[in-house]
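Data first, discussion second: the structure below is written as structure tokens.
Scope of the values below: all heavy atoms of this structure, side chains included, with no hydrogens, waters or symmetry mates. Numbers restart at 1 for each chain; the letters A, B, ... are given by sequence-line order, proteins then strands. The model shown is predicted, which means the values in this text are computed figures rather than measured ones.
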Protein chains: 2
Amino acid sequence: MTAPAGSVNAIAYDCKMPRPTLRDVAEAAGVHAATVSRALNPATQSQVKPATARRVLKAAKTLGYRPNPIARSLKTSRSGTVGMVIPDIANPVFPPMVRGLESILEPHGYNCWVVSTDNDATREAELIAGLQGNHVDGFVLATARVDDPLLEKLHDEEAKIVLVNRRTSNQPILSVVADDVTGISLAVAHLKKLGHQRIAHLAGPQNTSTGQARSAAFRHAVRDHGLSDDPRLVIECGDWREAFGAEALRTLLSRDVNFTAIVAGNDLIALGCYDVFRETGLRCPDDISVIGFNDMMFMDKVQPPLTSVRVPHRQVGAEAGRLLVGMLNGEIDDARSVLLPVELVVRDSTAPPHGSGRPELQS
Amino acid sequence: MTAPAGSVNAIAYDCKMPRPTLRDVAEAAGVHAATVSRALNPATQSQVKPATARRVLKAAKTLGYRPNPIARSLKTSRSGTVGMVIPDIANPVFPPMVRGLESILEPHGYNCWVVSTDNDATREAELIAGLQGNHVDGFVLATARVDDPLLEKLHDEEAKIVLVNRRTSNQPILSVVADDVTGISLAVAHLKKLGHQRIAHLAGPQNTSTGQARSAAFRHAVRDHGLSDDPRLVIECGDWREAFGAEALRTLLSRDVNFTAIVAGNDLIALGCYDVFRETGLRCPDDISVIGFNDMMFMDKVQPPLTSVRVPHRQVGAEAGRLLVGMLNGEIDDARSVLLPVELVVRDSTAPPHGSGRPELQS
DNA sequence: TTGTATGCGTTATCAA
DNA sequence: TTGATAACGCATACAA
């Protein structure tokens, strides 16, 4: 007479059975769905009698019950996932960060959703909105610009944010960055010790804190070491990629200015220099020494092996994870900034200077 | 007198306002929520009078309404996202695939959720379950093993799946792979033309279709070319990574067998060989020629620049995207398999043989 | 063409 | 300690 009270799942006979729900488990255990919810949630488990809890757990296991994150998220507005936003998934510095982040998040029960913006602000806005819509509990952003309205908006909305790699100005936001100043200083000191007097700097984009920090550090370092601070020796690259490094070096070479070494804003820019060396017949390190930044994967295997400032990328991600989990647990509410140590890895792209660095251009 | 009928959102005055909902828009437009839903959904827009639709759209825009994907997903069991599962985010062959995939998905309104399994089956199962729980509409899997219970289960559940890079046996599942046979054949032909007679193969893991296909292709190719098919010249690496390639080469060198060239299962295995060359003083290509597979990023810049079989990784991802979208739209229901062409990129790691390839070991 | 009612699977607030 | 009930935001069958 009465309609079956149970969910349709319990009477489904076809083989493509929908996943069991709380109610299915409740029915199997002979209790109410609410009780199942309590029994299965560690935080509320104490409210239920041990005997019933055991019954519920057993029923859940035999049915193969898995909570539906979507429904839970709709109800709680939390998702157990954090969004990691990176500028370019093809840039080898980011994968280690992702792994470091995941290594911390996982034991805390969080997942990580990685998206890549292609350095496109519009795309970035869409992706972040998408992550917000999917109720990510926090963000790890590797895309911060010095003046970043998107970031300001997110911060105003009280989103939980940790910046990696780059920072933003005038916003009290947690960040994890490498010690750029020390890194550049080590690079310049190394070159000076080799005997270089005129060092060029192919700076990264100045709308990023990293680009700014490194080029400011470069200017200070050359002055501190009493080396030439000829402004013509510093050039800004349009992007952190190889092609832009190559372009910058070509511009630099077209200027009538001598130099025997280059401090590149990062490894990719340094590799762009390698391309130009091949084009022009310049030899590295014989004609020009080069130092990169990051010491990313394979830099020991390129020709010549690249001298570079090693950044502990995995650790950057891990530290960001620790900070974010701390925020999500309410243990951290200040805007601390973590500075991770770097070291100079000397390889074969640096050597004492032989001449002006531009032999064939001097006739 | 009457209680306010509107949602609390409409009368919230604090600055951290919750996102407007369908009901807020409905109230603003003076219609029912259902109408708003219809007006905003392209598929049902025709059911609503143009004038009302315009009003609704305007209200939605002024309120800054964005549909809540979670609620929508709970209702529809679809999410507009697909999960991409890769074995190792730090392996440079995968980022281009991800970008290729995204480039197709995006214009079709789909997002992409990338997870990395670390080659850990347990972790993979958890991640896939997580993606299922989050109602991803389909999967792109780069982790398939030849005998893969996880994959079978997923397939039995009628999940929409496209495999990339690897396939599975005995399952009618769509796949996009490179033409391994031709690639290996080109490699062997190239080495034969250079004069090599005894060629070794450092095979990838044989529990992957790619590993199997390439080593089978190798055996056929050497026979077809009348070269030595000494089984001691073939060795299986435990993983696709450098360390395992190095290990395999050390084992090979410890055997008392001559060879002058190596066809590596992939580029990372080839780079592992480079490490052993450095350890042992062997020179490449003078003592031993090496050919890689994939031609991943930077392989033109390592020392010596690596001869490799180029796989169009971006295109692999893009093709997978097309197939998956086709499935999701119901336009594809057969289990087609796409074979993408490869080409041999000759660089400096291959040269005519000079001796046995193991000069210092021959005393 | 629009409104009403219901449910997706959970959690949380009550009351028992 | 447990059960009933409502709500999260949306989509849809049905009624009007």
Note to self: Below the 4.0 Å mark, does dT10(C) have OP1 or OP2 next to a side-chain nitrogen or oxygen of Ser37(A)?
What the structure shows: no

Item checked: Protein-nucleotide distance (Ile70(A), atom CD1; dC8(C), atom P), rounded to Å -> 15 Å

Margin query: Nearest whole Å is fine: how far is dC10(D) C1' from Tyr65(B) OH?
Written below: 7 Å

Item checked: Closest to side chain of Leu22(B), choosing from dC10(D), dG3(C), dC8(C) -> dC10(D)

Note to self: Restricting to non-hydrogen atoms, name the atom on Trp113(A) and the atom on Cys112(B) that form the minimum distance, rounded to 0.1 Å.
What the structure shows: NE1-O, 3.4 Å

Item checked: Phosphate OP1/OP2 of dG9(C) contacted by Arg72(A) side-chain N/O (<4.0 Å) -> no

Check: What integer distance in Å separates Asp24(A):CG from dG9(C):C1'?
Finding: 10 Å

Next item on the list: Check every strand shown and say whether Thr44(B) touches a base, only sugar-phosphate, or nothing at a heavy-atom separation below 4.0 Å.
Entry: nothing

Notebook entry, point to check: Does a nitrogen or oxygen in the side chain of Thr35(A) sit under 4.0 Å from OP1 or OP2 of dG3(D)?
Noted result: yes

Check: Which whole-number value in Å describes the distance from Lys75(B) NZ to dA11(D) C1'?
Finding: 5 Å

Next item on the list: Check Ala144(A) against Arg166(A) and note the closest heavy-atom contact, atom names and distance.
Entry: O-CD, 3.0 Å

Note to self: How many whole angstroms separate atom CD of Gln45(A) from atom C1' of dT2(D)?
What the structure shows: 15 Å

Enumerate donor-acceptor pairs with a distance under 3.5 Å from any side-chain N or O in residues 317-326 of chain A to protein atoms, sequence neighbours excluded.
unit_1, atom_1, unit_2, atom_2, d
Glu319(A), OE1, Arg322(A), NE, 3.2
Glu319(A), OE1, Arg322(A), NH2, 3.4

Check: Separation of Arg23(B) atom CZ from dT4(C) atom C1', in whole Å?
Finding: 13 Å

Notebook entry, point to check: Does Arg66(A) get its side chain close enough to the base of dG9(C), under 3.5 Å, for a donor-acceptor pair?
Noted result: no

Next item on the list: Establish, with yes or no, whether the OP1 or OP2 oxygen of dC8(C) is under 4.0 angstrom from a side-chain nitrogen or oxygen of Ser73(B).
Entry: no

Check: Tell me: CG of Asn68(A) to P of dC8(C), nearest whole Å?
Finding: 12 Å

Check: Ala39(B) and Val56(B): which non-hydrogen atoms are nearest, and at how many Å?
Finding: CB-CG1, 3.8 Å

Next item on the list: When you get a sec, tell me which of dT11(C), dA11(D), dT10(C) is the closest nucleotide to the side chain of Ala71(A)?
Entry: dT10(C)

Margin query: For a quick check, tell me whether the side chain of Arg19(B) and the base of dG9(D) share a donor-acceptor pair closer than 3.5 Å.
Written below: no

Check: Closest nucleotide of DNA chain C for Ser77(B) versus for Val31(B): which of these residues is on the 5' side?
Finding: Val31(B)

Note to self: Looking at Lys153(A), is its backbone amide N or carbonyl O close enough to the side chain of Asp156(A) to form a donor-acceptor pair, meaning the two atoms are under 3.5 Å apart?
What the structure shows: no

Check: Any side-chain N or O of His32(A) under 4.0 Å from OP1/OP2 of dT2(D)?
Finding: no

Notebook entry, point to check: Quick check: does any side chain N or O of Asn41(B) sit under 3.5 Å from a backbone N or O of Ala43(B), one acting as donor and the other as acceptor?
Noted result: yes

Next item on the list: May I ask you to decide if Val31(B)'s main-chain N or O and Thr35(B)'s side chain share a donor-acceptor pair within less than 3.5 Å?
Entry: no

Side-chain atoms of residues 64-71 of chain B: list all donor-acceptor pairs with protein atoms under 3.5 Å, sequence neighbours left out, distances to 0.1 Å.
unit_1, atom_1, unit_2, atom_2, d
Asn68(B), OD1, Ile70(B), N, 2.8
Asn68(B), OD1, Ala71(B), N, 3.2

Note to self: I need the CG-P distance between Asn41(A) and dT10(C), as an integer number of Å.
What the structure shows: 12 Å

Notebook entry, point to check: At how many degrees, to 10°, do the end axes of the helix from dT1(C)-dA16(D) to dA16(C)-dT1(D) meet when each uses five pairs?
Noted result: 40°

